[in-house]
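Notes to accompany the following structure.
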Amino acid sequence: MLQQIYPQVPHHFQYELNKDMQIAAAHFIPHEAAGKCTNIHGHTYFVNITVAGDELDDSGFLVNFQHLKKLVHDKFDHTLMNDHKDVFNDKNSNDFPTTEVVARKIWQIVQNYLDKLPNKPKCLQVFVRETPTSYVVYRPKAGNK
């Protein structure tokens, strides 16, 4: 994977970690406005997850990189995104697996996991590059989880 620089999130936490991963997956957007993207097609998504916090866990981690990989990469790699009915709902346009929604859903998955950790780290942003020229950054609004 090429080393990339991602948009930074200003914060006051002591620690920040970033986990990069590649996800080979297919999707389609079941909406007439999607044009050619209504057909099944694939991408090699480049995902970056930014997590921050002030406290390390008992093993000295803010969060274990392997756990982030298991949550995201292991779930979506080599799958059809639309098949993840627990994540994407093809009846609701706010839940179609567009790049924007993929980024938001990854944030939700990661933050739900982080909320259970005693040191309470926060997922500050999720960056998803769908193509060499197109990417999305999702950041929760202040006050969201």
Which pairs, with at least one residue in residues 44-58 and sequence neighbours excluded, count as a salt bridge (Lys or Arg N to Asp or Glu O under 4.0 Å)?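 Output for this query is empty, none listed.
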Could you give all pairs that pass the salt bridge (Lys or Arg N to Asp or Glu O under 4.0 Å) test and reach residues 73-82, with sequence neighbours left out?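 Sorted pair list: Lys75-Asp86.
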Would you list the pairs meeting ring pair (Phe, Tyr, Trp, His ring centres under 6.0 Å) in which at least one residue belongs to residues 77-103, sequence neighbours left out?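 Only Phe76-His84 qualify under ring pair (Phe, Tyr, Trp, His ring centres under 6.0 Å).
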Within one Ile-Leu-Val-Met-Phe-Trp-Tyr cluster: [X] and [Y], side-chain cutoff 4.5 Å:
X	Y	answer
Leu117	Val72	yes
Ile23	Tyr138	yes
Met81	Val87	yes

How long is the straight-line distance from CG of Leu71 back to CE of Met21, given to the nearest 0.5 Å?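 Reported to 0.5 Å precision, the distance equals 8.5 Å.
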With a 4.5 Å limit on heavy-atom distance, are the side chains of [X] and [Y] in contact?
X	Y	answer
Val101	Asn94	no
Val128	Val126	yes
Thr98	Val102	no

Closest contact, heavy atoms only, [X] versus [Y]:
X	Y	value
Pro121	Gln111	O-NE2, 3.6 Å
Cys123	Trp107	O-NE1, 2.8 Å
His73	Gln22	CD2-O, 2.9 Å
Lys91	Asn89	N-OD1, 2.8 Å

Count the heavy atoms of every other residue, nucleotide or ligand shown that sit under 6.0 Å from NZ of Lys85, and state whether that count exceeds 12.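 Check passes, neighbour count above 12.
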Pairing residues for Arg104 by the salt bridge (Lys or Arg N to Asp or Glu O under 4.0 Å) criterion, not counting sequence neighbours: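 Testing Arg104 for salt bridge (Lys or Arg N to Asp or Glu O under 4.0 Å), a comparison that skips the adjacent residues, returns Asp95.
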Name all residues meeting the salt bridge (Lys or Arg N to Asp or Glu O under 4.0 Å) criterion together with Lys116; count only those two or more places apart in sequence or in a different chain, and write none if there are none.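 Checked Lys116 against salt bridge (Lys or Arg N to Asp or Glu O under 4.0 Å); zero matches.
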Please list, one pair per line, the donor and acceptor atoms closer than 3.5 Å that link side chains of residues 42-49 to other protein atoms, with sequence neighbours excluded.
residue	atom	partner	partner atom	Å
His43	ND1	Glu130	O	3.3
His43	NE2	His27	NE2	3.2
His43	NE2	His41	NE2	3.3
Asn48	OD1	Thr50	OG1	3.3
Asn48	ND2	Asp20	OD1	2.7

Can a donor-acceptor pair be found, under 3.5 Å and without considering hydrogens, that links the side chain of Ser134 to the backbone of Thr131?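 No; judged by distance alone, with no hydrogens or angles, the pair does not exist.
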Distance-only, no hydrogens or angles: does the Lys122 side chain make a donor-acceptor pair with backbone N or O of Ala52 under 3.5 Å?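 Not a single qualifying donor-acceptor pair exists.
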Connecting only ILVMFWY residues whose side-chain heavy atoms lie within less than 4.5 Å of each other, what is the rest of Phe61's hydrophobic cluster?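 Reading the cluster by chain and number, Phe61 sits alone, since nothing else belongs.
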Other than Leu80, what residues sit in its cluster of Ile, Leu, Val, Met, Phe, Trp and Tyr side chains whose heavy atoms are under 4.5 Å apart, directly or through others?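 Under the 4.5 Å side-chain rule, Leu80 groups with Phe28, Ile40.
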Can you tell me which residue pairs pass the side-chain hydrogen bond (donor to acceptor under 3.5 Å, both in side chains) test with a partner in residues 63-72, sequence neighbours excluded?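 Only His67-Tyr113 qualify under side-chain hydrogen bond (donor to acceptor under 3.5 Å, both in side chains).
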With Lys36, which residues qualify under side chain to side chain donor-acceptor pair (under 3.5 Å), at least two apart?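 In terms of side chain to side chain donor-acceptor pair (under 3.5 Å), with neighbours along the sequence ignored, Lys36 is linked to no residue.
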Going by side chain to side chain contact (heavy atoms under 4.5 Å, CB included), name the residues that satisfy it together with Leu17, two or more places apart in sequence or in a different chain.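 Listed in chain order: Val51, Leu62, Val63, Phe65, Leu68.
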Going by the rule side chain to side chain contact (heavy atoms under 4.5 Å, CB included), which residues pair with Val9 if we only count those two or more places apart in sequence or in a different chain?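 Listed in chain order: Leu124, Gln125, Arg139.
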